[in-house]
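These notes are about the structure you will find just below.
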Amino acid sequence: MTLITDGGSTKCDWVLLDNSGNVLFKTTTLGLNPTVVPKEELLFRISSNENLKNVFSQVETLHFYGAGCGTITPRSILKEVLEELFVNATVSVSEDLTAAVYSATSEPGIVCILGTGSNSCYFDGKVIHSNIPALGYILMDEASGNYFGKRLIRDYYYNRMPVEIASEFEKNFNLNADDIKMNLYKKANPNTYLASFAQFIFNSSSQNNNIEGNDLGKDKINSYFYALIKEGISNFIECRILSFENAREVPIHFVGSIAHFSEQIIKECFDEYNLELGNIVQRPIDGLIAYYKNKIK
């Protein structure tokens, strides 16, 4: 049996395939980003899932693709955790960009992640090339969930948020300064905590305008939210897309929930930068299933 995992910072999607490529089960755990989650918590989050617990000794191959797994140390930590639990499995751990590529394209192009965090790479059709290391939510992650969450909190405290939006923001979140600092500086998963605030942008826009989340264009979204998202997408383009010399010669694909809900604004930005938009995939796990089914066959 083969277990494949798309591991984000907020949640991880797991799929177990039999030797013929049939799906035996799908399940979800909390995020397993080894750069922000301690080893003991990683073990707990996996072992608390009954579906996974029941197959700890049966899985033969485990392919884990995860946020925070782009450098050796966190990747090694997670590999040790998985090998400790899945005792008979051959375990491989790769960064989430690999899963993003597998789910978005088989042809040359730039592949981007916009979810809890953000990242990008160039895929030449065979090999993935990352020209800039991913340094996480404090230094990078433009246009990600944690980026927008950070902006919302800052704008609220600096009184840059429109009054009516600030009022709704207060109703939806605990904005006590001590609690915010505790979550950011003392508790696990500060990036996921920040990203939880970003949902406010898309939930509020959909409710107030009676539109689908992935249809947030200039004429259908509050001007404050529109400016916030567009600035983030533009920053991402400048830092994470135009850094590739051939950015205007290949299609550019996206995976992740932020990309899905920001599709119209991404299109507008791409028109301004003269870039070609490729596929936008909300859930990479679906593409991974298809990829591994084809491999097994």
Side-chain angles (χ1 to χ4, degrees), residues 1-29 31-33 51-52 59 61-70 75 78 82 91-130 134 143-145 195 212-214 236 240-241 244 250-263 266-267 270 275-297:
M1 291 189 290
T2 299
L3 186 62
I4 56 175
T5 311
D6 172 44
S9 290
T10 302
K11 66 180 180 66
C12 290
D13 292 319
W14 305 72
V15 177
L16 184 67
L17 304 176
D18 65 17
N19 294 330
S20 298
N22 300 309
V23 175
L24 297 177
F25 70 70
K26 298 180 182 180
T27 192
T28 303
T29 64
L32 299 170
N33 185 332
N51 285 319
L52 296 176
V59 174
T61 306
L62 197 168
H63 297 286
F64 189 101
Y65 303 93
C69 297
R75 190 161 59 235
L78 188 56
L82 294 169
V91 176
S92 66
V93 177
S94 305
E95 66 178 323
D96 50 357
L97 274 175
T98 305
V101 168
Y102 289 166
S103 65
T105 184
S106 58
E107 301 295 327
I110 293 170
V111 179
C112 309
I113 295 174
L114 289 185
T116 299
S118 68
N119 207 345
S120 67
C121 67
Y122 172 66
F123 179 59
D124 65 13
K126 294 182 179 179
V127 179
I128 295 171
H129 306 270
S130 300
S144 67
E212 293 297 324
N214 62 348
F236 183 86
R240 278 291 179 178
I241 294 178
F244 294 101
V250 295
I252 301 161
H253 311 281
F254 286 86
V255 303
S257 56
I258 297 296
H260 171 74
F261 291 121
S262 305
E263 181 175 343
I266 291 173
K267 288 178 178 177
F270 269 41
L275 297 168
E276 179 187 350
L277 181 60
N279 301 316
I280 294 182
V281 180
Q282 183 177 8
R283 289 168 52 84
I285 193 65
D286 298 327
L288 278 179
I289 293 171
Y291 174 81
Y292 276 97
K293 279 186 174 181
N294 288 333
K295 277 191 71 173
I296 291 172
K297 292 176 183 178

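Nothing fancy with the numbering, it's 1 onward along the sequence. Computed from a predicted structure; not experimentally measured.
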- Item | For L52, the option from L16, T5, T29 that meets side chain to side chain contact (heavy atoms under 4.5 Å, CB included) | T29
- Nearest heavy-atom neighbours spanning A104 and N279: O-ND2, 2.8 Å
- Calculate, to the nearest 0.5 Å, the distance between atoms OG and CD belonging to S130 and E95 respectively. 5.0 Å
- Backbone N/O of A259 and side chain of S262: donor-acceptor pair under 3.5 Å: no
- Query: What heavy-atom pair brings Y122 and G109 nearest, and what distance separates the two atoms?
  - Reply: CD1-O, 3.4 Å
- Query: Of the non-hydrogen atoms in N33 and G68, which two are nearest, and what is the gap between them?
  - Reply: OD1-CA, 3.3 Å
- Task: Look only at the side chain of T105 and the backbone of E107, and say whether a donor-acceptor pair between them is shorter than 3.5 Å.
- Result: yes
- Which pair of non-hydrogen atoms, one from S103 and one from V281, has the smallest distance, and what is that distance? O-CG2, 3.8 Å
- K11: salt bridge (Lys or Arg N to Asp or Glu O under 4.0 Å) partners, not counting sequence neighbours: D13
- Item | Donor-acceptor pair, side chain of T116 and main chain of S9, under 3.5 angstrom | no
- Side chains of E276 and I252 in contact at under 4.5 Å (non-hydrogen atoms): no
- Query: So, for H63 and Y292, is the gap between ring centers shorter than 6.0 Å?
  - Reply: yes
- Message: Quick check: closest heavy atoms across G115 and I258, and the distance to 0.1 Å?
- Response: O-CG1, 3.5 Å
- For the side chain of R75 and the backbone of C69, is there at least one donor-acceptor N/O pair under 3.5 Å apart? yes
- Considering all heavy atoms, the nearest L82-V93 contact: CD1-CG2, 3.9 Å
